[in-house]
Amino acid sequence: QVQLVESGGGLVQTGDSLRLSCAASGDTICISGMGWYRQAPGKERELVAANPRGSSTLYADSVKGRFTFSRDNAKNTVYLQMNSLKPEDSAIYYCNAVCSPTATRAADHYWGQGTQVTVSS
């Protein structure tokens, strides 16, 4: 099992910056990729950034050039640096981890509890 604990959300103004953190614990060696999703009220959850292990990060068009994914393998922690925040970035942000399938089980997906980001105009 993998547990994900998120932090870093808050209330900021347009143009401000935030850095979200996601600390993974448990059977972390199984993780083949991690990413960030967000969900605004009344809307479906959408991909923000995805980082397969050993590959480049993919970003949603709406955040390219403003958001940056990074990781600290020694701490089993990933980050989402968010700059030039806009009101439309307001949402609950969720950390995601995927464990690769093996000969005896399917792939497992894990989610953090979510952290609220609110950007005022």
Side-chain angles (χ1 to χ4, degrees):
Q1 297 293 107
V2 173
Q3 295 81 44
L4 304 175
V5 179
E6 302 168 335
S7 62
L11 174 62
V12 298
Q13 297 181 349
T14 298
D16 285 351
S17 298
L18 281 174
R19 189 179 74 161
L20 306 183
S21 299
C22 174
S25 60
D27 189 20
T28 58
I29 62 173
C30 79
I31 297 175
S32 61
M34 297 187 71
W36 291 92
Y37 289 72
R38 67 185 182 187
Q39 186 169 21
K43 297 183 178 180
E44 295 185 352
R45 189 172 300 185
E46 65 174 339
L47 175 69
V48 176
N51 180 243
R53 183 160 288 177
S55 300
S56 299
T57 301
L58 301 177
Y59 296 95
D61 288 340
S62 59
V63 306
K64 286 182 179 178
R66 299 188 297 119
F67 290 11
T68 303
F69 178 97
S70 63
R71 68 196 315 139
D72 186 335
N73 290 324
K75 297 181 179 180
N76 289 320
T77 301
V78 299
Y79 307 91
L80 185 68
Q81 178 67 44
M82 304 185 295
N83 298 326
S84 301
L85 284 164
K86 307 174 181 179
E88 50 264 45
D89 294 319
S90 297
I92 301 176
Y93 283 71
Y94 297 92
C95 182
N96 166 257
V98 177
C99 287
S100 297
T102 67
T104 58
R105 64 168 176 81
D108 290 327
H109 299 261
Y110 302 92
W111 297 90
Q113 79 285 356
T115 184
Q116 178 71 53
V117 173
T118 303
V119 185
S120 63
S121 60

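Predicted, not measured: the structure shown is a model, and the values here were computed from it.
Considering CH2 of Trp36 and CG of Asn96, their distance stands at 10.5 Å, rounded to 0.5 Å. Here Ser25 contributes atom OG and Lys75 contributes atom NZ; the two are 15.5 Å apart, rounded to the nearest 0.5 Å. Separating the NE2 atom in His109 from the SG atom in Cys99 is a distance of 9.5 Å, to the nearest 0.5 Å.
Asn51 places a side-chain N or O within donor-acceptor distance of the main-chain N or O of Ser55, the cut-off being under 3.5 Å.
A 6.0 Å sphere centred on CD of Glu44 holds no more than 12 heavy atoms belonging to other residues, nucleotides or ligands. Annotation: Gln113, atom CD; neighbour count of heavy atoms from other residues, nucleotides and ligands within 6.0 Å is above 12.
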Quiz item: Taking it one step at a time, do Thr68 and Tyr59 satisfy side-chain contact (heavy atoms from CB on, under 4.5 Å)?
Solution: CA-CA 9 Å; Thr68 303; Tyr59 296 95; 4.0 Å; yes
Self-check item: Full working for side-chain contact (heavy atoms from CB on, under 4.5 Å) between Ser62 and Arg38
Solution: CA-CA 12 Å; Ser62 59; Arg38 67 185 182 187; 3.4 Å; yes
Quiz item: What's the verdict on side-chain contact (heavy atoms from CB on, under 4.5 Å) for Leu20 and Thr115, showing C-alpha distance, side-chain angles and the deciding distance?
Solution: CA-CA 8 Å; Leu20 306 183; Thr115 184; 4.0 Å; yes
Self-check item: Derivation of the side-chain contact (heavy atoms from CB on, under 4.5 Å) call for Leu85 and Leu18
Solution: CA-CA 8 Å; Leu85 284 164; Leu18 281 174; 4.2 Å; yes
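Counting heavy atoms from C-beta outward, Gln1 and Cys30 have side chains that stay 4.5 Å or more apart. Residues Tyr110 and Asp27 are not in side-chain contact: their nearest non-hydrogen atoms beyond the backbone lie 4.5 Å or more apart. Contact check for Val2 versus Leu4: side-chain heavy atoms found under the 4.5 Å cut-off. Annotation: side chain of Met34 is not in contact with side chain of Pro52 (no heavy-atom distance under 4.5 Å). Met82 places none of its side-chain heavy atoms less than 4.5 Å from the side chain of Ser17. Using a 4.5 Å heavy-atom cutoff, the side chains of Asp89 and Val117 are not in contact. Taking the side chain as every heavy atom from C-beta outward, Thr14 and Val119 approach each other to under 4.5 Å.
When ring centroids are compared, Trp111 and Tyr37 come within the 6.0 Å threshold.
Residues Phe69 and Ala49 come closest through the heavy atom pair CB-CB, 4.5 Å. In terms of heavy-atom proximity, Thr77 sits nearest to Ser21 at CG2-CB, 4.5 Å. Taking both residues in full, the closest heavy atoms of Ala60 and Leu47 are given as CB-O, 3.4 Å, listed atom of the first, atom of the second, then distance. When every heavy atom of Arg66 is checked against every heavy atom of Ser84, the shortest pair comes out as NH1-O, 3.1 Å. Taking both residues in full, the closest heavy atoms of Val78 and Arg71 are given as CG1-CB, 3.8 Å, listed atom of the first, atom of the second, then distance. Here the shortest heavy-atom pairing between Thr28 and Arg53 reads O-NH1, 4.4 Å.
Grouping the Ile, Leu, Val, Met, Phe, Trp and Tyr side chains by contacts below 4.5 angstrom, directly or via other members, places Val48 apart from Val98.
The ring pair (Phe, Tyr, Trp, His ring centres under 6.0 Å) analysis of residues 79-106, with sequence neighbours excluded, yields no pairs.
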